[in-house]
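We count ligands from 1, going down the list as the structure has it; atoms in each ligand are counted the same way.
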Amino acid sequence: RDSNDTQKVKLTGEQVAEHNSKDSCWVIVHGRAYDVTEFLPEHPGGPKIILKYAGKDATEEFEPIHPPDTLDKYLDKKYHLGEVDMKTVEQEEKEVDPDEEERQKRVETMPILEQCYNLMDFEHVARRVMKKTAWAYYSSGADDEITMRENHAAFHKIWFRPRILVDVENIDTSTTMLGTKTDMPFYVTATALGKLGNPEGEVLLTRGARKHNVIQMIPTLASCSFDEIVDAAEDGQVQWLQLYVNKDREVTKRIVQHAEKRGCKGLFITVDAPQLGRREKDMRTKFQDVGSNVQSSGGNDVDRSQGAARAISSFIDPSLSWKDIPWFQSITKMPIILKGVQRVEDVIKAVEAGVQGVVLSNHGGRQLDTAPSGVEVLAQVMPALRERGMQDKIEVFIDGGIRRASDIVKALCLGATGVGIGRPFLYAMSAYGLPGVDRAMQLLKDEMEMNMRLIGVAKVSELNPTLVDARSLHLHTTTVPEDTLGRRVYDPLVGPKEKAA
Ligand SMILES: Cc1cc2c(cc1C)[n+](S(=O)(=O)[O-])c1c(=O)[nH]c(=O)nc-1n2C[C@H](O)[C@H](O)[C@H](O)COP(=O)(O)O
């Protein structure tokens, strides 16, 4: 380095390769070397995953899990060793992975985008063409995945009561959420690690949301940095922030106030994940790749038995409680919405606490298995609010299992202001990139227009409980139409030697 500390000569691959143990561990990320020796025990994903790349180029493994500004934000500058002459870095011989070869063949023969006619088509294609770790992470539900399946099945227990001879020539699907006008009553909900499915990550969802004038909720655990996602939005495009509350409240305060400064129009505090659920498909794929097995019991007390999710979420504060709400109201002017409310009593408490909204949600079935579907709780909540004259005091959203516009219409008839959609946009993005997200949103728009026309309603504000029969919604034993589409994408357990059918 010369006098003003600029690097005179690039490091070589050999120099980095000498530091390949826990006593001295250097890694290369995006062409720059970092001394992570001191950081090893603090890494939320455990030391093992880093040691697998000690002395080597870790970019490919690093990229989908960490926003690009992670090392600048969290690794002391003295450990930033400077640029590496990548021509001198020995690229690892990629061992032939037969699964990966099979997957490549499926990518080459996958259906063209125009063959996707509904959101489940994207799920079906994604399951076949996504990398297994990405599919496992996105498709995982907790434990027996009963709630994950119930989320969609619940909508089959609600029947329409269509009206006739109503002028439905002009359909208006637009609505207002938290004071923002939006073309459709759904938003792109927060789902972590967008780059697992597509190397561009969450900014593809931003661009799709912009094209269809729908709102995007930015996840705390996005692969893209928060600023990348906000910068990818156009002027006037509305985004919300999903927040996992950090044990270090100073970090949380910084994130919230930065989001408000960047123009976020809602703070969605996730309240259903004081600990992340056990997502066994995710855990299984982590287990196979022993080298990067973040379930190692070694190292400090971070429990890494939950695959990637737990490894990247050890910062979440399980002590978060109602007494913290006034603090949030003191650090931001953004409307505050509690995401992951699952019973009527907590909605009443939310109104009394003065928050502006709730999302009735079980985290897409990824948290407490056999928690009720959002739409089932919705059917109990709205009458309870009306009884107390509270229905205008709070906006009620739901998410989970929304796969058809008819699901959206049913939720709105039961009183939801809007609905969040997660996996379908992830699958569309993973299988077809931005065109996939665009088509998925357009399909929902087309379905919504048809559904409204056929139930005899011209605009969203006219949707009301008389248009549905939800009496069997709370029954969990009724037979409902077989969810053949959904069944086909459920992964059977495949033994390590067995080939998936
Ligand atoms: C599918 C998915 C959902 C995640 C999600 C990641 C994935 C891959 N992640 S997670 O890693 O922690 O579980 C988040 C998250 O970051 N924060 C959050 O509030 N909800 C998270 N959710 C839940 C999400 O916001 C919705 O509640 C859920 O996706 C709605 O169900 P559908 O996927 O069926 O639409």
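- Of the residues listed (Asn362, Val381, Val347, Val396), the one engaging Val341 in a side chain to side chain contact (heavy atoms under 4.5 Å, CB included) is Val347, and it is the only one.
- The shortest N or O to N or O distance between Leu221 and ligand 1 is not below 3.5 Å.
- Listed by number with element, the atoms of ligand 1 under 4.0 Å from a non-hydrogen atom of Tyr244 are 10 (S), 12 (O), 14 (C), 15 (C), 16 (O), 17 (N), 18 (C).
- Residue Arg403 places a heavy atom under 4.0 Å from ligand 1.
- Close N/O approach between Tyr138 and ligand 1 is not found [any backbone or side-chain N/O within under 3.5 Å].
- Looking only at side-chain heavy atoms (C-beta outward), Cys413 and Pro465 stay at 4.5 Å or farther from each other.
- Residue contact annotation: Asp399 has a non-hydrogen atom under 4.0 Å from ligand 1.
- Ligand-side atoms of ligand 1 in range of Lys339: 18 (C), 19 (O), 20 (N), 23 (C), 24 (C), 25 (O), 27 (O), range being under 4.0 angstrom from any heavy atom.
- Heavy-atom contacts of Ser361 reach the following atoms of ligand 1: 27 (O) (cutoff under 4.0 Å).
- Taking each of Ala190, Gly340, Gly374, Gly197 in turn, the one with a heavy atom nearest to atom 4 (C) of ligand 1 proves to be Ala190.
- Close approach to Gly364 involves these atoms of ligand 1, each under 4.0 Å from a residue heavy atom: 27 (O), 28 (C), 30 (C), 31 (O).
- Remark: among candidates Gln367, Gln242, His363, Arg366, the nearest residue to atom 7 (C) of ligand 1 is Arg366, based on non-hydrogen atoms.
- Contact annotation for Glu123 and ligand 1: no heavy atom of the residue comes within less than 4.0 Å of the ligand.
- Of all atoms in ligand 1, numbered sequentially from 1 with element shown, those under 4.0 Å from a heavy atom of Gly400 are 30 (C), 31 (O), 34 (O).
- Using a 4.0 Å cut-off between a side-chain N of Lys or Arg and a carboxylate O of Asp or Glu, Glu260 and Lys333 do not qualify as a salt bridge.
- For Phe186 and Phe425, the distance between ring centers is under 6.0 angstrom.
- Look at Asp227 and Arg262 and you find a salt bridge, because one of the NZ, NE, NH1 or NH2 atoms lies within 4.0 Å of a carboxylate O, short of that distance.
- Interface atoms of ligand 1 facing Thr270, defined by a heavy-atom separation under 4.0 Å, are 18 (C), 19 (O).
- Within ligand 1, counting atoms from 1 as listed, the ones closer than 4.0 Å to a heavy atom of Arg279 are 10 (S), 11 (O), 13 (O).
- Considering Gly401, Ala192, Ala136 only, the shortest heavy-atom separation from atom 9 (N) of ligand 1 involves Ala192.
- Using modelled atom types, no side-chain atom of Glu447 and backbone atom of Ser406 make a donor-acceptor pair closer than 3.5 Å.
- In terms of the side-chain hydrogen bond (donor to acceptor under 3.5 Å, both in side chains) criterion, residue partners of Thr206 (sequence neighbours excluded) are, by chain and number, Gln216.
- Taking a cutoff of 4.0 Å between a charged side-chain nitrogen and a carboxylate oxygen, Glu150 and Lys157 qualify as a salt bridge.
- Between Asp97 and Arg103 there is no salt bridge, since no side-chain nitrogen of the basic residue lies less than 4.0 Å from a carboxylate oxygen of the acidic one.
- Between Glu200 and Arg207 there is a salt bridge, since a side-chain N of the basic residue sits under 4.0 Å from a carboxylate O of the acidic one.
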